[in-house]
Amino acid sequence: MSLNNELAELFKTAAAVMEIKGEAVFKSIAFSKVARLLGELPFDIRKSVEDGSIDTITGIGKSSRKIIEDVVRTGTSADIESLKSSIPEGLVPMMQIPSLGPKTISMLWKQRGITNIGELTVAIVEGKLEGLKGLGEKKIQSIKDGITMLTAGGGRIGLINALPIAEKLLEQVRALKGVERAEVAGSLRRWRETIGDVDIVAAVSATSTRGHDISRAFTKFPQVGRVLGQGETKSSVLVDGGLQVDLRIVPEEHFGAAMQYFTGSKEHNVTLRGLAQDKGMTLNEWGLYKLTEYDKAKKLTGKPPAVPAVASRSEEDIYEALGMDWIPPELREDRGEIALATAHKVPKLIVVKDIRGDLHSHTKASDGDSTIEQMAEAAIALGYEYLGITDHSKSQVIANGLSVERLLKHLEAIRKVAAKIKGIKVLASCEVDILTDGTLDYGDEILKELDYVIASPHASLKQDPKKATDRLLRAVDNRYVNIIGHPTGRKIDKRGGLPVEFETVFARAAKAGVAMEINAGWPRLDLNDVNARAAIAAGVMLSVNTDAHSISDFEQLPLGISVARRAGAEAKNVINTLDHTSLMKFLTRKR
DNA sequence: GCCGTTTTCGGCCCGACTGTTTTCAGTCG
């Protein structure tokens, strides 16, 4: 784990400890913010400590800075250690249990001596929680269920698995009587790589009283396994497979506000609501309101009041009323997008249709399922101008990598297809392994025979940062290398991949004219959004490819595009939006 | 704990739902 991530974990733990101890909530919020910040920093925090620029990072104050400096210099922080040792270690992981929060954990500890999830499980089974204030039969049951869900590996599921489930449910919701329109919100709308739950917002006409019926009908869908909650405006269920799905029902005039609110992210919304306050307004799931009117009415009724909203019908209205451009959901992570929107400088994000060809694909020659012709025909059907055939190199024995002899024959076969087939340029290339020390799997005398070269790490993905960084640098330096494929080799939920110091690699790649791939194949999505964002900032070109091993794999392109969009990429940042002539200019300028 | 062209002190986002409550605390997103 990188130092940034280690520190992020440290601050996360510290925040949890403070919550359990019941310290001022804003302290733990501040530490949570520092944790998130560190996890997303595109550079090594060590550098900021050394050159003093840590002072300029908003969110890191005096206390956090001391903790970070201590850890950088000595490997540990006395402040954090004493905080951690002030409560039993096992209490912190209990925070992961759904429906169990800091207050209850603290009570369980003080009144029943429970200090970890195991003891809690035993206490429930033995009926030792009875008689505790606020813990009735149902609450205990929901804690029990929460533990089961957590230990079953519960939590987030992959984007690729959530998409079809959500699509089906959306269709069913739209078909319900009284529903005027419905859309998916939440992290799925933001295309996060993993999804905690699916959020669906449904609009009913302003005069409709069908909220309850719709809510009820939703909980009766055939794929619903369990109903977690059901109200007039909101229902939560678990569908088969354990995924939580929330439905919110709002009058149509509040649809935009509800979509904005439930799309999140939470951090984006918190910042936005702070901004609304600065402007004398308040923003909630019902709309944007003038604070004076809203407060006055709320004091009278004690409830969210029915005063006219400044904006609520569409998201565009809300952002506009706050003085900014509408922000694409993929950017709503509080990573600077609100400042951009206020300055009217929101990037015109790349879309799937901008892509003119795929530069990473496999055939039967190595470990693909289809022939060169089949892949080319599929690419034509997608409207592509070009397709790069990039089978594996000789070290990928498991993937039937090509020996030099087989490669030369394969190149001939590709060129034969290229000459014959109309309507697409088929490029003869290869996905060449970047070996452990950064040398490539073929010598230059072979590489120069290829139209271009994509070089990727496949094995030895547990190197230390220095070795991993040098490995990629050496590949970037090769005069024939044009693209670094899936630069870290990570697989979502399976392995972390190489701990590359990307600041260094990106600087070199920008200078050398080497593109970095966003591999759209699940579960790679590599580079990820944060690294791709840093690449763009460093002036590096990206290449979004599917790494297709069969013609159906081309369909995964939207996943890669979503990563590019989350990184703030425009078409001009991605080489395979170029027409064929411009692309070849890019690919040959190093030679 | 962090922040500041209204503030170095006094703020800091907001509502729904649940359960166990006779008016609210805890949790969640």
Side-chain angles (χ1 to χ4, degrees), chain A residues 11 14-15 18-20 22-35 37 55-68 79-80 83 94-108 130-143 145-146 185-187 190 195-199 201 211 215 227-236 244-250 254 257-258 260-289 291 294-295 298 302-305 334:
Chain A
F11 276 96
M18 288 192 285
E19 275 195 84
I20 295 167
E23 292 186 16
V25 281
F26 291 107
K27 283 193 186 182
S28 69
I29 289 176
F31 270 19
S32 299
K33 277 185 184 163
V34 173
L37 210 131
D55 286 332
T56 65
I57 303 175
T58 306
I60 298 181
K62 230 173 138 190
S63 298
S64 302
R65 197 186 77 184
K66 178 165 184 301
I67 292 166
I68 293 168
D79 295 341
I80 297 270
L83 183 65
M94 287 168 70
M95 291 284 285
Q96 301 297 315
I97 301 171
S99 79
L100 189 62
K103 301 280 163 66
T104 315
I105 290 172
S106 174
M107 183 181 67
L108 290 170
E130 275 150 40
L132 283 173
K133 192 168 173 248
L135 281 194
E137 200 182 322
K138 287 189 177 176
K139 187 70 192 173
I140 291 172
Q141 183 61 42
S142 75
I143 293 172
D145 293 342
S187 51
R190 303 199 314 277
I195 304 297
D197 62 9
V198 173
D199 290 288
V201 180
S215 187
V227 180
L228 297 173
Q230 190 203 326
E232 193 73 10
T233 64
K234 171 187 163 177
S235 296
S236 290
Q244 181 173 336
V245 183
D246 296 343
L247 176 70
R248 331 272 169 160
I249 302 153
V250 298
H254 296 286
Q260 196 291 314
Y261 186 90
F262 292 114
T263 295
S265 65
K266 193 178 165 192
E267 290 80 8
H268 173 90
N269 284 356
V270 166
T271 302
L272 212 59
R273 290 200 285 269
L275 206 82
Q277 281 223 321
D278 293 346
K279 291 178 182 289
M281 293 187 276
T282 181
L283 177 65
N284 58 40
E285 63 214 80
W286 299 102
L288 182 67
Y289 299 88
L291 205 46
Y294 196 80
D295 270 355
K298 191 172 174 180
K303 283 192 161 185
D334 197 25

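Convention: sequence-line order gives letters A, B, ...; per-chain numbering from 1.
No contact: A:Ser28 has no heavy atom under 4.0 Å from any strand. Within 4.0 Å (heavy atoms only), A:Leu272 reaches no atom of the nucleic acid at all. Within 4.0 Å of A:Lys33, counting heavy atoms only, lies no atom of the nucleic acid at all. Looking at heavy-atom distances under 4.0 Å, A:Gly186 makes no contact with the nucleic acid at all. Across all strands, A:Lys138 comes closer than 4.0 Å only to sugar-phosphate atoms, never to a base (heavy-atom distances).
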message: What verdict does the side-chain contact (heavy atoms from CB on, under 4.5 Å) test give for A:Lys266 and A:Asp334, after you've listed the backbone C-alpha separation in whole Å, the side-chain angles of each residue and the deciding distance to 0.1 Å?
response: CA-CA 9 Å; A:Lys266 193 178 165 192; A:Asp334 197 25; over 6 Å; no

task: Begin with the C-alpha distance, continue with both residues' side-chain angles, and end with the deciding distance and a verdict on side-chain contact (heavy atoms from CB on, under 4.5 Å) for A:Val201 and A:Tyr261.
output: CA-CA 10 Å; A:Val201 180; A:Tyr261 186 90; over 6 Å; no

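Relative to the side chain of A:Asp197, the nucleotides B:dG29, B:dA16, B:dG1 differ in distance, and B:dG29 lies closest.
Taking side-chain N and O atoms only, A:Trp286 has a distance below 4.0 Å to OP1 or OP2 of B:dA16. For A:Gln230 and B:dC17, the shortest distance from a side-chain N or O to OP1 or OP2 is not below 4.0 Å. Taking 4.0 angstrom as the limit, A:Thr58 places none of its side-chain polar atoms (N or O) nearer than this to OP1 or OP2 of B:dC2. OP1 and OP2 of B:dC28 both lie 4.0 Å or more from every side-chain N or O belonging to A:Gln244. Considering only side-chain N and O atoms, A:Ser142 lies nowhere under 4.0 angstrom from the phosphate OP1 or OP2 of B:dT18.
Formation of a donor-acceptor pair under 3.5 Å by the A:Ser28 side chain with backbone atoms of A:Val25 is found in this model. For A:Ser215 (side chain) and A:Gly231 (main-chain N/O), a donor-acceptor pair under 3.5 Å exists by modelled atom type. Using a distance-only test at 3.5 Å, with no hydrogens or angles considered, a donor-acceptor pair links the side chain of A:Arg190 to the main chain of A:Thr263. Of the possible donor and acceptor atoms, one in the side chain of A:Lys139 sits under 3.5 Å from a partner among the backbone N and O of A:Ser99.
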message: At under 4.0 Å between heavy atoms, how does the protein contact nucleotides 21-27 of chain B? Give one character per nucleotide, 5' to 3', with B, S or -.
response: -----SS

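B:dT20 and B:dA25 are spaced 10 Å apart, taking the C1' atom of each and rounding to whole Å. Distance check on atom C1': B:dT18 versus B:dT23 gives 15 Å, rounded to whole Å. The gap from the P atom of B:dG26 to that of B:dT22 amounts to 14 Å, rounded to the nearest Å. Rounded to a whole angstrom, the distance from the C1' atom of B:dT7 to that of B:dC2 is 14 Å. For the C1' atoms, the distance from B:dC9 to B:dC14 is 24 Å, rounded to whole Å. B:dG4 and B:dT8 have their P atoms separated by 13 Å, given to the nearest Å.
Across all strands shown, nothing is found opposite B:dT8 as a Watson-Crick or G-U wobble partner with both distances under 3.5 Å.
The separation between A:Ile68 atom CD1 and B:dG1 atom P is 14 Å, rounded to whole Å. Nucleotide B:dA16 holds its C1' atom 12 Å from the CD atom of A:Glu232, rounded to whole Å. To the nearest angstrom, C1' of B:dG19 lies 16 Å from CD of A:Glu130. Atom P of nucleotide B:dC3 and atom CD1 of A:Ile60 are separated by 9 Å, given to the nearest angstrom. Between the C1' atom of B:dC2 and the CG atom of A:Leu37 lies a distance of 12 Å, rounded to the nearest Å. A straight line from OH of A:Tyr289 to P of B:dC14 spans 13 Å, rounded to a whole angstrom. Atom P of nucleotide B:dT18 and atom CG of A:Asp246 are separated by 11 Å, given to the nearest angstrom. In this structure, A:Ile249 atom CD1 and B:dA16 atom P are separated by 14 Å, rounded to whole Å.
With centroids closer than 5.5 Å and planes inclined by less than 30 degrees as the test, A:Phe26 and the base of B:dC2 fail to qualify as a stacked pair.
With hydrogens and angles ignored, a donor-acceptor pair closer than 3.5 Å exists between the side chain of A:Tyr261 and the base of B:dG29.
For A:Thr282 and A:Ile57, each mapped to the nucleotide of DNA chain B holding its nearest heavy atom, the one lying further toward the 5' end belongs to A:Ile57. Nearest-nucleotide mapping onto DNA chain B: of A:Arg248 and A:Gly274, the residue sitting toward the 5' end is A:Gly274.
To the nearest 0.5 Å, the span separating NZ on A:Lys279 from CG on A:Leu291 amounts to 14.0 Å.
Electrostatic pairing of A:Arg65 and A:Asp55 counts as a salt bridge here, judged by a charged N lying under 4.0 Å from a carboxylate O.
The minimum heavy-atom distance linking A:Ile249 with A:Glu232 is given by the pair CD1-O, 4.2 Å.
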